[in-house]
Structure formats: C-alpha cells, structure tokens
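Numbers here simply count residues along the sequence, with the first being 1. Whatever order the structure lists them in is the order used to number ligands and atoms, beginning at 1. Below, all heavy atoms of this structure are taken into account, side chains as well, without hydrogens, waters or symmetry copies.
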Amino acid sequence: MDVKKLMDESALYIMDTYKRFPVVLVKGRGMKLWSADGKEYLDFLAGIAVNILGHCHPRLVVAIQKQAQKLVHVSNFYHNEFQARLAKLLCDYSFADRVFFSNSGAEANEAAIKLARKHAKERFGAEKTGIITALNSFHGRTLATLTATGQPKFHAGFEPLMPGFSYVPFNDYEALKAAIDENTCAIMLEPIQGEGGVVMPAEDYFKQVRDLCTRLGILLIFDEIQTGAGRTGTLFAYEQYGIEPDILTLAKGLGGGVPIGATLAREEIAKAFTVGSHGSTFGGNPLACAAALATIETLLEDGIMLSECRRMGEYFMASLLKLQKQFPKIIVDIRGKGLLIGMELTRDCAMAVQACFERGILINCTAGNTLRFTPPLIVIEEDIDRLTGVLKEVLERFS
Ligand SMILES: *Cc1c(COP(=O)(O)O)cnc(C)c1O
C-alpha cells in the first residue's frame with residue numbers, strides 16, 4: 001500500500017471536515033490496532049466509544065460473516081430475522097416497550113425529537129413543541145440535532161436553525177424550571193455530557209428533573225448514544241441514577257462498530273408513531289441487527305463484562321488520581337463513570353493527544369482541555385498501566 005498516495009488522495013477527494021492523524025489503520029484485534037506501515041497502537045478511543053467488544057471480537061466477526069453470506073439488506077416492507085430479536089432484547093433490559101431503528105446517533109435523536117413532538121401535539125395540542133436541552137451538550141449534526149446541541153460553535157454557518165429549541169445550563173435545576181412554559185414538550189439530556197468534556201450530573205439532578213417532567217407532563221429524553229451499551233458499567237447509564245426516561249437513544253456502542261441507531265420508548269409514547277409516521281431505508285437492516293444482537297448478547301451473557309467495566313473504571317480512576325498527585329498544576333480534575341473517563345488539564349490537550357499518538361496510544365481531547373478515555377470494555381490493568389505510564393512521560397515534558 002502506498003500510504004503517502006492514499007493520504008494525498010484523501011486530502012484531495014474527501015471533504016475536509018476531519019482533522020486526521022497521518023496514519024492509515026488497517027487491522028485491529030482486541031485493544032490493539034495496526035497501521036499500514038506496521039506500527040502498533042493501543043486503542044483507548046475505541047472509535048469514540050464504539051468498539052465496546054474491542055476490535056474483531058470473534059463473536060461479532062462470526063455474526064457479521066454468517067449474516068453477510070445469508071442476507072445483507074431488505075426493506076422494512078418485510079420482516080427480518082434479527083430486528084425483532086434485537087428490539088425485544090433492548091426492551092427486556094430497559095424501561096422501554098418499543099424500538100425504532102436507524103443508522104446513527106443523530107438519526108436516533110432525530111426520531112426521538114419527532115416522536116416527542118408527535119406525542120405531545122396529539123395529547124396536548126399543536127403548540128406543544130418546545131424542546132429544552134442543556135448548554136454544552138452534544139446531540140448530533142443533522143439540523144434538528146445540531147440545534148439541540150447546546151454549543152454555539154457547532155451552529156455557526158448553518159443558520160437558520162430549527163425553531164422550538166431552548167437551552168439551560170446543565171445541572172441547574174432552577175434554571176430548567178424557569179425555562180419551562182406551557183409549550184414545553186420535552187427535556188433532552190445526556191446522563192453524562194460526553195463531547196462536552198465528560199461532565200457529570202449533580203447529585204439528585206436527574207431525580208428532580210424526572211419529578212418535574214412527570215408533574216408537568218413533559219417527556220424526558222435521555223441521549224445515551226455515548227453512555228449506553230455498557231459504557232458506564234450498566235447496560236444503560238440511567239439505571240445508576242434511580243430514574244427512568246420516557247425516550248432513550250442509542251448508537252455508538254450498540255453495533256460494536258457496525259452503524260446502527262435505536263430510539264426506545266414506552267408504549268404510551270411509542271404509539272404516536274403509526275404506519276408512515278417515520279422511516280429509514282437502512283434502519284434495522286439484517287446485517288446491522290445481527291451485529292448489534294451479537295454485541296449486546298456478548299455484553300450481557302459474558303456475565304463479567306459489565307462488572308469488569310466497573311472494576312476497570314475504578315482502577316483507571318485510581319491510576320489517574322495518582323497521576324494527578326504528581327502533576328497537581330497540570331491536572332485539574334478527573335471524572336467519569338465506568339469506562340467513560342475525562343481528565344481535565346489546565347491547558348489545551350491537543351499536544352498531549354499528539355504525544356500519546358507518537359508513543360502508540362490513541363486517545364482524544366474534548367471541550368478543548370479534557371482528555372477523554374473510552375477504551376473497549378475488554379481493557380485490562382496492564383493496558384491502563386501502559387497508558388498512565390505514557391501519560392506520565394508526556395506530562396513530565398509539559399511541566
Ligand atoms: C456521538 C453522539 C451523538 C451523534 O452520533 P452520530 O452517530 O455521530 O450521529 C449524539 N449524542 C451523543 C451524546 C453522542 O455522543
């Protein structure tokens with residue numbers, strides 16, 4: 001492979017929306033990735049919280065291979081073998097009664113917004129359309145989900161935005177209460193703000209929000225695109241906050257790397273979608289559903305994967321706290337749950353990401369100054385030790 005030619009062509013022919021590292025990744029196994037020129041990388045990004053089983057997990061590989069030989073795609077005009085089984089599995093393990101399948105996080109949120117509006121209009125009247133989201137949130141790049149995203153930097157250049165959205169500071173219950181009016185139809189929140197820098201919810205915030213929503217007949221939408229599929233140590237993050245949302249969205253980890261999105265809801269709300277209300281050509285296709293079913297079954301049946309995610313999360317946090325003691329002037333804060341962990345620095349963290357890359361470790365930087373770690377859930381102590389060893393070396397150079 002002519003790596004240089006490939007990267008040149010990439011720069012020439014692909015729209016310039018991504019800042020890329022100068023590497024062509026060609027192979028992966030477990031926690032490891034290899035580039036075309038044979039360099040090995042330890043993957044603490046997992047395709048941004050996607051490859052929960054690690055790269056090329058045998059069960060996922062076999063599920064994809066078997067399904068590719070049988071049937072890749074048919075339209076939703078027909079039933080397929082895995083869509084219903086996957087929907088049932090997600091409902092059995094959650095508050096939800098029904099699922100709508102799509103192909104990405106933004107689409108899953110788009111469906112959630114449409115469902116919330118349709119439900120609210122039918123139940124309360126045509127004006128009930130307002131959606132409140134949090135500042136610093138991230139909900140996707142389609143026009144509605146971009147508007148839902150409470151960060152002006154993502155909006156710039158794409159106005160006019162969708163009408164009917166307003167924003168409140170995350171974790172500020174009083175501000176949320178004040179922002180509600182008679183036309184508010186839903187409140188949409190991430191259990192942990194992932195792209196916003198791994199920002200944790202305040203104690204009891206979700207309980208208060210849930211009570212308020214229930215009292216006022218407002219739907220609570222949880223965007224679990226990043227936190228779902230086991231990332232925080234339970235199948236869904238909401239399980240750890242003692243509340244249930246009305247609508248929940250999934251994508252990233254759900255297919256173990258195969259694109260799929262899902263919007264989950266209770267029957268009372270789901271019934272607002274009737275034949276023709278919404279649709280997706282690819283949504284829930286046989287290949288994606290076979291992959292997602294294999295991914296979630298592996299996560300659940302393995303028995304120890306979720307508990308290991310919690311245990312490794314604690315080990316990871318403890319290791320980073322040790323590091324913070326050594327670099328109190330650089331490391332401001334460490335936060336997260338399970339294997340969604342952020343380490344906030346006093347400075348821009350792009351240089352640290354670059355230095356880790358040069359040393360064969362993949363991580364990324366969110367919110368400008370927060371290193372984010374979202375490794376596959378199969379990560380072990382040895383991998384974490386390797387990462388913290390490299391971080392120590394990198395931070396030493398900084399101080
Ligand atoms: C990644 C992400 C999205 C968008 O998902 P895409 O698949 O990129 O459309 C939405 N919400 C949250 C919380 C995310 O982390």
Side-chain angles (χ1 to χ4, degrees), residues 15 17-19 45-52 100-116 131-151 153-155 158 162 165 167 170-171 186-201 206 220-232 235-238 241 245 247-264 280 282-285 288 291-292 295 335-342 363-367 370 372-375:
M15 291 200 196
T17 57
Y18 305 106
K19 187 172 179 325
L45 180 66
I48 321 183
V50 167
N51 307 84
I52 56 170
F100 178 86
F101 289 111
S102 52
N103 315 288
S104 68
E107 278 178 84
N109 281 341
E110 195 82 27
I113 292 164
K114 286 180 72 175
L115 181 63
I131 316 262
I132 301 175
T133 69
L135 289 168
N136 196 47
S137 59
F138 185 84
H139 298 296
R141 306 285 201 147
T142 60
L143 268 173
T145 60
L146 175 75
T147 307
T149 295
Q151 300 193 57
K153 71 173 183 203
F154 289 109
H155 298 165
F158 299 110
M162 285 281 297
F165 286 83
Y167 315 96
F170 189 54
N171 281 334
I187 294 167
M188 182 163 167
L189 297 168
E190 296 159 89
I192 296 169
Q193 291 189 324
E195 300 302 306
V198 193
V199 181
M200 304 298 288
F206 289 137
L220 179 60
I221 305 172
F222 259 21
D223 177 347
E224 292 229 26
I225 288 159
Q226 190 154 154
T227 56
R231 173 66 40 200
T232 67
L235 184 56
F236 307 104
Y238 79 80
Y241 294 103
I247 302 177
L248 179 144
T249 55
L250 294 172
K252 292 199 165 84
L254 181 58
V258 174
I260 183 167
T263 307
L264 284 62
S280 163
F282 291 126
N285 99 358
T295 302
R335 47 187 185 252
K337 208 181 248 305
L339 289 168
L340 172 55
I341 297 176
I363 55 171
N364 91 323
C365 173
T366 64
T370 302
R372 176 176 48 177
F373 311 105
T374 54

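Once rounded to the nearest 0.5 Å, the distance linking OG1 of Thr374 with CD1 of Ile48 reads 7.5 Å. Rounding to the nearest 0.5 Å places OG1 of Thr133 at 11.5 Å from CZ of Phe170.
On a distance-only criterion, Gln226 and ligand 1 share at least one N/O pair closer than 3.5 Å. Not one N or O of Ala251 is nearer than 3.5 Å to an N or O of ligand 1, by distance alone. Residue Glu107 places no N or O, backbone or side chain, under 3.5 Å from any N or O of ligand 1. By the 3.5 Å distance cut-off applied to N or O atoms, Gly105 is counted among the residues near ligand 1. Checked against a 3.5 angstrom limit, the closest N/O atoms of Gly140 and ligand 1 fall outside it.
Counting protein heavy atoms under 4.0 angstrom from atom 8 (O) of ligand 1 gives zero.
Within ligand 1, counting atoms from 1 as listed, the ones closer than 4.0 Å to a heavy atom of Ala106 are 4 (C), 5 (O), 6 (P), 9 (O). Each of the atoms 10 (C), 11 (N) of ligand 1 lies under 4.0 Å from some heavy atom of Asn109. Listed by atom number, the atoms of ligand 1 under 4.0 Å from Glu190 heavy atoms are 13 (C). Atom numbering of ligand 1 starts at 1 in the shown order; those under 4.0 Å from a heavy atom of His139 are 10 (C), 11 (N).
In this structure, Lys252 is not positioned above the aromatic face of Phe138 in the sense of NZ or CZ being under 6.0 Å from the six-membered ring centre and within 45° of the axis.
Considering Thr149, Asp223, Thr142 in turn, Asp223 is the only one that fulfils the side-chain hydrogen bond (donor to acceptor under 3.5 Å, both in side chains) rule with Asn109.
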(Q) Could you walk me through whether Phe222 and Phe206 satisfy the ring pair (Phe, Tyr, Trp, His ring centres under 6.0 Å) test, starting with their C-alpha distance in whole Å, then the side-chain angles of each, then the deciding distance to 0.1 Å, before giving a yes or no? (A) CA-CA 10 Å; Phe222 259 21; Phe206 289 137; 4.9 Å; yes

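The aromatic rings of Tyr167 and His155 lie tilted to each other, with the angle between the two planes from 30° to 60°.
Neither the backbone nor the side chain of Thr145 has any atom closer than 4.0 Å to an atom of ligand 1 (non-hydrogen atoms only).
Of all protein heavy atoms, the one closest to atom 14 (C) of ligand 1 is Lys252 NZ, 2.9 Å. Here the heavy atom of the protein found nearest to atom 11 (N) of ligand 1 is Asp223 OD2, 2.7 Å.
Using a 4.5 Å heavy-atom threshold, the side chains of Arg335 and Thr370 count as touching. Within the 4.5 Å cutoff, the side chain of Ile113 has heavy atoms near those of the Met188 side chain.
For Ala237 against Glu224, the heavy-atom pair with the smallest separation is N-OE1, 2.7 Å.
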